[in-house]
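To start, the structure itself, in structure tokens.
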Number of protein chains: 2
Amino acid sequence: MAFYQANGCSRRLKQAGVLLSLLISLLLPVHAEEQLVQPQHWQLLSPDKQIALELVLSQDALTYQISYRGKAVLKPSVLGLAFKGQPLLKTGLLADKVSTRSHDAQWQPVWGQRAQIRDHYNEITLQLREHAAPGRLFTLVFRSFDDGVAFRYQVPAQAALKGDLVISDELTEFAFARNFSAWWIEAYRNLSFEYQYMNSALSSVSVAHTPLTLTDEGIAVALHEAALVDYSSMTLRNITDNHITLKADLMPWGGVNAGGANFRDAGAGTDAAAQVERVYTKAPFQSPWRTIQIAPTEAALLNSSLILNLNEPMAAGTDTSYIKPGKYMGIWWEMHIGEKDWSPGPKQGATTARALQYIDFASQHDIDGLLVEGWNQGWEGQWWQRPPTFSFTKPVNGFDIDKVTAYAKVKGVELIGHHETAAGISYYEQQMADAFKYYQRLGIHSVKMGYVGKRLDGREWHDGQFMVRHFKKVVDTAAAHQVMVNAHETVKDTGLSRTYPNLMTRESVRGMEYNGGSPDSGNLPNHTVIIPFTRGLSGPIDFTPGIFNFNYQKHRPHNRVPSTLANQLALYVTLYSPLQMVADLPEHYAPGGKLHPAFAFIDAVPTDWQQSMALDGKIGQYLVMARQDKHSERWFVGATSNEQARTLKLPLQFLDNNRSYDLVIYQDAADADWQTNPMAYQIQRRLVSSKDVLTLKLAPGGGAALELTPH
Amino acid sequence: MAFYQANGCSRRLKQAGVLLSLLISLLLPVHAEEQLVQPQHWQLLSPDKQIALELVLSQDALTYQISYRGKAVLKPSVLGLAFKGQPLLKTGLLADKVSTRSHDAQWQPVWGQRAQIRDHYNEITLQLREHAAPGRLFTLVFRSFDDGVAFRYQVPAQAALKGDLVISDELTEFAFARNFSAWWIEAYRNLSFEYQYMNSALSSVSVAHTPLTLTDEGIAVALHEAALVDYSSMTLRNITDNHITLKADLMPWGGVNAGGANFRDAGAGTDAAAQVERVYTKAPFQSPWRTIQIAPTEAALLNSSLILNLNEPMAAGTDTSYIKPGKYMGIWWEMHIGEKDWSPGPKQGATTARALQYIDFASQHDIDGLLVEGWNQGWEGQWWQRPPTFSFTKPVNGFDIDKVTAYAKVKGVELIGHHETAAGISYYEQQMADAFKYYQRLGIHSVKMGYVGKRLDGREWHDGQFMVRHFKKVVDTAAAHQVMVNAHETVKDTGLSRTYPNLMTRESVRGMEYNGGSPDSGNLPNHTVIIPFTRGLSGPIDFTPGIFNFNYQKHRPHNRVPSTLANQLALYVTLYSPLQMVADLPEHYAPGGKLHPAFAFIDAVPTDWQQSMALDGKIGQYLVMARQDKHSERWFVGATSNEQARTLKLPLQFLDNNRSYDLVIYQDAADADWQTNPMAYQIQRRLVSSKDVLTLKLAPGGGAALELTPH
């Protein structure tokens with residue numbers, strides 16, 4: 001009843017349009033010692049008033065609900081926490097203090113998809129207290145942006161929560177108002193994140209990783225989290241089997257019923273949950289932000305900076321002098337296609353001579369770095385099936401790292417370090433400081449981390465608090481030695497690069513490697529038009545595009561890269577990464593020493609952007625992305641399709657109206673097809689202006705890549 | 001080496017085209033006591049030679065592989081069995097005897113999608129023996145049809161396998177040659193089969209129910225099983241996480257680590273598997289057929305009778321006099337939309353007066369049956385959350401069953417019985433014989449079974465051997481009392497209706513009920529264009545179409561049936577069931593006593609067919625199905641779309657060339673849309689011939705229903 005009155009108020013409130021002053025008027029005073037009888041209600045609108053967040057505090061719990069353009073997205077959804085050995089922190093809450101504020105500011109990341117980011121939101125903070133003993137205190141902070149809603153739990157230092165705390169569960173619900181179409185990967189599996197996405201009704205979701213992307217007529221929603229610091233990752237479990245209420249399921253520590261598969265049953269909402277140790281902490285602490293990104297279209301989701309906005313600015317005086325986005329090559333793909341091997345021996349990939357070949361090619365094409373996997377000692381045999389034996393300071397025989405780094409320096413290329421830990425964290429941490437010192441001495445400013453293995457140290461999940469803590473150490477140590485980090489098989493991104501700008505990119509995706517290295521299960525053609533709308537919302541993807549050779553008959557007769565040549569070029573624009581790999585072999589880019597004409601696009605495309613705009617797209621079908629170079633007036637456009645051919649209209653209205661542009665377009669030839677004729681391409685040049693509307697014809701698995709230079 | 005020689009042979013063999021004689025020439029004689037050293041190889045082609053099955057017997061195992069039109073579908077895939085407390089029955093096998101035969105015959109089902117079915121295959125039988133002790137014997141029988149491959153294990157009576165046996169695992173693999181696009185639902189969940197399907201790469205499948213449908217360029221594949229008798233259901237587990245080898249995972253008995261969720265971890269291929277009790281049996285026994293349906297298109301999969309062909313003919317002298325396909329109504333949908341209730345009280349649905357209203361309507365429209373849920377005693381309160389208290393012979397107060405059945409008889413309608421067990425099998429079986437006797441006395445020849453609940457008797461899966469055994473008892477008892485069975489929440493169909501023709505139809509799907517009864521998670525519009533290609537391959541679906549009222553503001557403000565009126569009509573053709581519900585309320589079909597003009601299609605459409613042809617379709621997008629009435633020359637066509645509007649060409653070449661037809665077409669109005677304008681329809685009449693090509697315009701969530709009567 002009180003709820004509907006409050007709704008009445010909120011409607012008038014919207015009419016008045018004056019949010020904050022009126023919000024205050026909604027705050028009924030509560031006598032500290034008097035138990036709450038009447039539900040209290042608050043509302044927070046987004047600056048553009050399209051998103052409405054409603055909060056209701058009743059005897060049972062504090063709940064939140066969200067509507068977008070007047071239509072319900074989330075029904076009342078419970079909030080609360082559970083500490084091991086304590087009653088749930090959920091019921092009988094009083095609001096001691098409620099405050100609101102607005103914020104509107106601009107900031108500039110060191111690198112990114114956008115040179116200038118607006119951080120604009122309304123905020124409401126509820127300081128809550130249990131009426132009954134033990135009278136625990138906690139605070140919920142909600143922010144409403146034009147592109148979504150976020151909230152976080154804060155637990156202050158207090159007598160009722162002294163000493164070590166174990167979070168056994170987070171009660172946060174996402175109770176959807178209707179069944180959406182969901183794009184998701186399942187959590188609690190062995191190869192975290194390295195799966196192709198599933199599309200199903202939301203009601204069929206079991207337990208999903210975030211970002212979880214949901215679509216319905218006129219709306220796209222993505223659930224994720226921001227600022228994951230000294231906490232465990234949030235996954236989302238369907239607690240109403242075959243219905244549509246999801247609940248936070250924090251990845252547990254391995255100490256409790258270790259053994260992997262059982263963790264599914266220790267998932268939040270199950271009987272076992274209360275016994276599971278998910279987060280080790282102490283008051284004061286705060287949770288990561290729980291984020292609900294909302295947009296009118298699937299493509300519009302890609303234009304949000306909400307996750308970055310919810311992270312802390314970098315500390316004043318942070319050294320960013322060594323941080324440079326750029327392209328890199330690697331002695332890597334030749335291992336995946338079976339030409340070479342990581343191990344020492346006749347097929348050893350990491351040799352001085354081979355490295356010099358790569359450096360020569362990279363130098364001719366302003367490619368900044370060279371990764372050499374297998375550069376160090378310890379790769380013999382089945383390295384991933386035994387406790388790690390790697391040295392991180394001793395190069396393998398046949399690879400003269402001093403000679404290679406010296407030669408690289410002369411050529412204006414830098415070696416990229418590689419720390420494959422085989423998931424042996426304790427083993428690695430003993431050598432970590434020396435390892436980074438070693439790189440600094442060699443003038444190496446970038447490292448690729450690897451954590452291949454089902455569990456860290458044999459028992460911890462790749463996305464639990466154990467990894468979050470370890471990875472923070474890696475980023476800090478790397479920064480102390482002026483090294484940028486590119487992390488594979490690590491925890492998901494939550495926007496921490498705003499705070500730690502040397503945290504450049506990561507894998508956390510089923511990458512290109514599956515198309516070469518996997519004997520049978522390469523990616524499907526729709527994969528690269530799914531991940532920008534899902535995994536891509538969390539941060540940069542080191543997917544490693546740029547394959548120019550589609551024939552591995554020699555070692556991988558059944559493997560295919562499921563794309564055309566033009567699609568490979570377009571991926572440099574549709575998949576964002578500040579460190580972008582040029583993944584194929586020099587001799588595949590310049591067969592017989594003659595450079596492939598299409599390589600000119602890779603030569604031209606930058607990796608740091610003034611602005612980025614998803615122009616059009618449908619998850620799993622196609623994507624058209626436009627980006628402007630951060631250091632010139634040039635624009636680049638990438639368009640990719642799934643297994644179906646399609647024709648797309650591309651209005652060039654994003655261009656400056658007052659000038660014309662030289663267009664170079666790399667696209668599929670008429671008879672191109674990823675299965676039968678992947679190499680067929682054409683390059684066309686013409687003069688265009690912002691009034692032009694181009695017609696892009698994409699082949700099955702095809703694409704188009706455009707470079708637009710002011711005339 | 002021997003393998004490739006044999007391949008050489010098999011290639012010549014194909015050229016020669018003379019299959020069987022040459023096959024014999026491939027059988028190298030084996031001395032019984034001499035251990036196998038050289039792998040042996042056999043090949044079996046489908047009659048049309050498009051499908052090639054290759055068998056290789058080596059020291060390690062017997063493997064099979066399948067290619068279609070020269071392209072690999074399955075790589076060598078292991079076969080074998082595991083008995084609890086015994087070594088795996090897999091390695092060191094000798095082929096004592098190998099025989100082949102061909103079969104080509106026609107048969108006529110009592111009812112079905114086709115009046116005449118051709119059963120045409122080549123067969124090879126391998127009698128195998130362990131070389132070493134205990135020297136167990138088993139036989140594998142393979143059949144190669146033009147529309148797929150099937151095989152089964154047979155274990156003869158023998159000294160080495162005496163007494164009670166427990167099958168702890170089946171080793172059967174399906175090692176796919178490449179990554180397909182998969183349409184699947186997850187096994188080991190609480191509401192067996194009542195989920196919307198997921199679409200993902202095969203590599204993302206965890207553990208799936210069958211039928212599992214897979215697509216790739218130029219091929220569609222469905223994995224399932226046939227003739228599931230006194231065995232447990234086969235599910236398919238991805239044993240190469242993130243890759244594409246699936247393995248049989250037989251649903252276990254609940255006795256071992258009961259508790260539900262843990263069963264995931266007892267899945268085949270896990271450490272726990274060997275301890276799990278999956279099938280209780282004794283030699284001699286045989287497994288169900290493992291089926292691999294193969295077709296050039298997704299639509300062509302729907303034209304296969306492979307599953308029925310692999311079931312036994314009904315016993316001679318089976319009484320089929322009471323078995324009649326037909327339409328039925330029910331006091332049922334009004335409960336789902338909140339107008340009425342199953343329980344006694346003010347909203348009681350099962351009343352004499354209401355039943356008579358339905359009977360009057362049914363009688364006017366030649367609808368054969370009336371289901372009355374809640375007709376019996378025991379529905380008070382939360383019946384699904386307590387041990388069952390139902391009586392199966394005592395009607396509820398307010399429902400005079402004698403009066404209703406007598407009135408129905410006069411009107412030429414029959415009451416349909418209802419046995420809701422609330423998953424209390426032991427409780428139900430005590431009353432089962434009396435219950436069917438009771439129906440026979442009342443002249444009731446059809447029953448709807450219900451098994452609502454997470455586990456049977458609190459511990460057994462709905463698709464384990466326990467249910468298979470129970471359900472067989474139900475079908476036998478029903479037959480003994482001349483009753484047809486329509487089973488809900490039961491084990492999946494595997495074609496047993498060929499053997500037991502009173503087993504008419506079943507649910508085992510997320511049905512229409514979710515659109516009315518589920519507070520928030522109705523089906524998505526694509527659901528009804530997914531299930532014909534997946535669930536529908538196993539057998540008839542009691543989906544309950546025919547909703548004419550799309551507005552439930554009163555009790556279900558947020559619910560929607562995700563289709564247009566024309567789509568509801570088309571479902572009578574696209575979704576096959578010999579017992580087809582006319583699911584809505586009489587007053588919704590005849591508002592104010594005036595019959596809705598579109599009801600004429602439901603009046604006309606039959607439920608038993610001379611022939612059925614899927615003409616065109618894409619899983620999750622659309623389906624066009626044509627069927628000819630079994631008892632007239634009339635044709636009916638149904639076309640349905642997902643959430644997208646689309647235009648389809650419909651060539652009428654399936655019609656008799658020598659005559660013209662009166663067409664009545666029920667289709668979406670130009671402005672129809674399932675969300676905004678579901679009732680907008682149009683009816684058109686014209687004369688057509690087999691040379692005509694119709695253009696069907698389907699609205700979002702729309703459809704078209706055609707009746708074609710010889711002129």
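The sequence lines fix the lettering, A, B, ..., with proteins before strands; numbering per chain opens at 1. These values consider heavy atoms only, across backbone and side chains, with no hydrogens, waters or symmetry-generated copies.
- Residues A/N642 and A/G620 share a closest heavy-atom pair of ND2-O, 2.9 Å.
- Between chain A and the residues B/D216, B/V205, B/I185, the largest count of heavy-atom pairs under 4.5 Å involves B/V205.
- For the set A/P700, A/P562, A/A182, A/G522, the entry with the most heavy-atom pairs within less than 4.5 Å of chain B is A/G522.
- Both the backbone and the side chain of A/S181 come within less than 4.5 Å of a heavy atom in chain B.
- Heavy-atom distances place both the backbone and the side chain of A/A201 under 4.5 Å from chain B.
- In this structure, B/F193 and B/H209 have tilted ring planes: the angle between them lies in the 30° to 60° band.
- Residues A/W461 and A/Y188 place their aromatic rings such that the two centres sit under 6.0 Å apart.
- In this structure, the portion of A/Y514 lying under 4.5 Å from any heavy atom of chain B is its side chain and not its backbone.
- In the displayed structure, A/E217 atom CD is contacted under 6.0 Å by at most 12 heavy atoms of other residues, nucleotides or ligands.
- Heavy-atom distances place the side chain of B/R510, and not its backbone, under 4.5 Å from chain A.
- Contacts between A/L524 and chain B at a heavy-atom distance below 4.5 Å involve the side chain alone, from C-beta outward.
- Heavy atoms closer than 4.5 Å to chain A are found in the backbone of B/Y197, but not in its side chain.
- Side-chain atoms of B/N242 and A/S521 form no donor-acceptor pair, as typed in the model, at a separation below 3.5 Å.
- Between B/L214 and B/L202, the closest heavy-atom pair is CD2-CD1, 3.9 Å.
- Contacts with chain A were tallied for B/E643, B/E194, B/R178; B/E194 has the most, counting heavy-atom pairs under 4.5 Å.
- For A/W184, the part sitting under 4.5 Å from any heavy atom of chain B is the side chain, from C-beta outward, and nothing else.
- A/F543 and A/H527 have tilted rings, their planes meeting at an angle from 30° to 60° on a 0 to 90° scale.
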